[in-house]
Amino acid sequence: MLLPAITSAPFSSSLRLTNPISPHPRYVAVSISAQASPANSSYSVSDKDLESRGFVLHRTVSDLNLDHLNSVFAAVGFPKRDPDKIRVALENTDALLWIQYGKTQRPVAFARATGDGVFNAIIWDVVVDPSFQGLGLGKAVIERIIEDLRRKGISNIALYSEPRVLGFYRPLGFVADPDGIRGMVYSRKKKKN
């Protein structure tokens with residue numbers, strides 16, 4: 001299943017980040033510090049380097065096959081998702097970036113962000129196909145999606161992470177529980193009859 005393109009225009013602004021409420025108890029909410037993030041395109045892996053290794057960067061859902069993306073989600077341990085629900089989520093996404101491997105024409109890395117379009121954004125669904133981990137692709141999508149959000153003037157950027165991968169996000173400027181802020185999860189238990 002392929003999706004049509006969704007595009008948006010970038011805006012400029014500064015960045016001050018805080019931590020929102022965590023939607024899932026096994027994830028840790030983290031946010032990024034403005035001082036720790038590069039102001040402009042100082043990527044750890046350049047676009048040219050990615051291209052020379054056979055990777056193609058995409059910032060729209062154009063040509064994104066949802067079944068292939070779902071395969072990457074499943075490969076990293078996410079539950080299989082309904083493609084129609086993925087489509088709706090992507091239609092409500094403010095920024096996204098995915099990397100396609102040219103030889104297979106399949107997505108191998110992905111991240112997206114949602115928010116209010118002005119102050120706050122949350123990065124979701126950061127995945128790298130296990131066969132392509134260790135090549136800098138996760139860092140490549142995170143660095144670029146942060147820059148895209150900053151260009152739009154987003155002032156608060158957060159993400160949710162399993163504790164085992166917090167070490168991946170810290171060098172990118174993310175911190176857990178900034179200024180002592182803790183996340184909470186809404187969880188209403190059904191009443192027993």
Side-chain angles (χ1 to χ4, degrees), residues 1-10 20 22-24 26-30 32 43-47 49-115 117 120-149 151-152 154 157-166 168-169 172 174:
M1 171 179 295
L2 295 175
L3 290 179
I6 297 172
T7 59
S8 59
S22 176
H24 195 285
R26 71 177 207 170
Y27 294 96
V28 176
V30 295
I32 188 169
Y43 302 133
S44 57
V45 181
S46 72
D47 291 0
D49 184 39
L50 287 168
E51 185 179 317
S52 73
R53 295 190 287 164
F55 298 108
V56 181
L57 290 167
H58 297 270
R59 284 186 165 85
T60 70
V61 296
S62 180
D63 300 324
L64 178 59
N65 183 303
L66 298 185
D67 293 324
H68 293 166
L69 178 60
N70 219 354
S71 295
V72 178
F73 287 157
V76 299
F78 286 14
K80 184 171 168 101
R81 297 174 176 182
D82 178 334
D84 291 332
K85 289 184 177 183
I86 295 173
R87 183 182 317 103
V88 171
L90 294 176
E91 289 169 356
N92 291 290
T93 291
D94 297 315
L96 69 85
L97 194 133
W98 62 284
I99 298 176
Q100 178 182 40
Y101 187 50
K103 289 182 181 178
T104 63
Q105 299 294 302
R106 294 173 79 103
V108 294
F110 178 88
R112 69 185 185 95
T114 61
N120 305 294
I122 300 173
I123 297 173
W124 303 97
D125 300 330
V126 180
V127 293
V128 176
D129 185 305
S131 301
F132 292 87
Q133 291 178 0
L135 301 175
L137 301 181
K139 191 179 284 190
V141 295
I142 290 293
E143 289 171 341
R144 285 162 178 82
I145 205 160
I146 288 169
E147 183 177 68
D148 291 352
L149 292 168
R151 282 185 184 151
K152 291 179 180 182
I154 303 298
I157 301 171
L159 61 83
Y160 298 95
S161 171
E162 291 186 8
R164 65 182 173 81
V165 293
L166 284 174
F168 168 76
Y169 294 108
L172 295 168
F174 287 90

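A 4.5 Å side-chain heavy-atom check between Leu96 and Leu64 finds every atom pair outside the cut-off. Contact annotation: the side chain of Asp63 never approaches that of Gln100 to less than 4.5 Å [non-hydrogen atoms, C-beta and beyond]. The shortest side-chain heavy-atom distance between Val61 and Leu66 does not fall under the 4.5 Å cut-off. Contact annotation: the side chain of Trp124 never approaches that of Thr93 to less than 4.5 Å [non-hydrogen atoms, C-beta and beyond].
Residues Glu143 and Val45 come closest through the heavy atom pair OE1-N, 4.3 Å. Between Arg112 and Ala89, the shortest heavy-atom contact is NH1-O, 3.5 Å. The two atoms that bring Trp98 and Pro107 nearest to each other are CE3-CB, 3.7 Å, heavy atoms only. What you find for Leu97 and Ile99 is that their closest heavy atoms are CD2-CG1, 4.2 Å. When every heavy atom of Ile145 is checked against every heavy atom of Ala111, the shortest pair comes out as CD1-O, 3.6 Å.
Rounding to the nearest 0.5 Å gives a distance of 11.5 Å between CG of Asp94 and CD1 of Ile123. For the atom pair Leu135 CG and Phe55 CZ, the distance stands at 5.5 Å (nearest 0.5 Å). Atom CD1 of Ile122 and atom CD1 of Ile157 lie 11.5 Å apart (nearest 0.5 Å). Interatomic distance, Arg53 CZ to Phe132 CZ, rounded to the nearest 0.5 Å: 11.0 Å. The CG atom of Leu149 sits 11.0 Å away from atom CG of Asn120, with the distance rounded to the nearest 0.5 Å. Taking CG of Leu159 as the start and CZ of Phe174 as the end, the distance is 4.5 Å to the nearest 0.5 Å.
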Quiz item: Does the pair Tyr43 and Leu50 meet the rule for a side-chain contact (heavy atoms from CB on, under 4.5 Å), with working shown?
Solution: CA-CA 11 Å; Tyr43 302 133; Leu50 287 168; over 6 Å; no
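With sequence neighbours excluded, no residue satisfies side-chain hydrogen bond (donor to acceptor under 3.5 Å, both in side chains) with Thr104. With sequence neighbours excluded, the residues forming a side-chain contact (heavy atoms from CB on, under 4.5 Å) with Gln133 are Val76, Val128, Pro130, listed by chain and number. Every side-chain contact (heavy atoms from CB on, under 4.5 Å) that Ser131 has, sequence neighbours left out, goes to Asp129. Not a single side-chain hydrogen bond (donor to acceptor under 3.5 Å, both in side chains) links Ser46 to another residue, sequence neighbours left out. For Ser71, the side-chain contact (heavy atoms from CB on, under 4.5 Å) partners are Arg106, not counting sequence neighbours. Qualifying side-chain hydrogen bond (donor to acceptor under 3.5 Å, both in side chains) partners for Asp47, counting only residues two or more places apart in sequence or in other chains: Arg144. Remark: Arg81 engages Asn70, Phe73, Phe78, Ile86, Asp125 in a side-chain contact (heavy atoms from CB on, under 4.5 Å) (not counting sequence neighbours).
Side chain of Gln105 to main chain of Gly102: a donor-acceptor pair is present (N/O by atom type, distance under 3.5 Å, no hydrogens or angles).
Sorted by first then second residue, the salt bridge (charged side-chain N to carboxylate O under 4.0 Å, His left out) pairs that include residues 69-80, not counting sequence neighbours, number zero.
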